[in-house]
Amino acid sequence: MTPRERAAPRLVRTYVVTEGRAYPSRNTLEADTLVLAADEEAPGDRVASGDQGEPGDAGQAAGRSPVTVLGPEKRRLLALCGPGALSVAEAAGRLGLPVSVTKVLVADLVDSGALVVRPPVPPAEAADPRILQEVLDGLRARL
């Protein structure tokens, strides 16, 4: 039997990836928050990212820094979010980083205007049993 292979240790410490920060710049990011690239957004999504500017002002609003030089983790995160929305937890898993580190990276990219975040989809409310019974009765009457 051969011993199980261990994953190679990270060459770059996570505090280097986050530039020494332990917390994201916004406290609204949860593990199930949806993240998508800003160029994929629909009209009105800009407000969800915390920007009150026009949808076409791509990161130049007051209080936000433009995307300049991105580290490899931020580039990979942008590439992951390009095809569609991902949760913060999914992005962390695909990047191989802790969720807390991924939150810091997402917050940086949202602040620069490169990413947009949306609150998670709320769970469906339970349907009224009376309405369900009426639908069932109507279907049985037709069949």
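- Every side-chain contact (heavy atoms from CB on, under 4.5 Å) that Ala92 has, sequence neighbours left out, goes to Val99, Thr102.
- Residues satisfying the side-chain contact (heavy atoms from CB on, under 4.5 Å) test with Ala79, not counting sequence neighbours, are none.
- In terms of heavy atoms, Gly113 sits closest to Ala38 at O-CB, 3.1 Å.
- To the nearest 0.5 angstrom, Lys103 atom NZ is 14.0 Å from Leu97 atom CG.
- Applying the side chain to side chain donor-acceptor pair (under 3.5 Å) test to every pair with at least one member in residues 134-143, sequence neighbours left out, gives these pairs: Gln133-Asp137.
- A heavy-atom distance below 4.5 Å is found between the side chains of Leu109 and Leu78.
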Donor-acceptor list for residues 80-91 side chains, cut-off 3.5 Å, not counting sequence neighbours:
| residue | atom | partner | partner atom | Å |
| --- | --- | --- | --- | --- |
| Ser87 | OG | Glu90 | N | 3.1 |
| Ser87 | OG | Glu90 | OE1 | 3.4 |
| Glu90 | OE1 | Ser87 | N | 2.9 |

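- Of all non-hydrogen atoms in Arg94 and Arg76, the two that sit nearest each other are O-NH2, 3.2 Å.
- Partner Lys74 forms a side chain to side chain contact (heavy atoms under 4.5 Å, CB included) with one of Asp108, Leu95, Val106 and no other, that one being Asp108.
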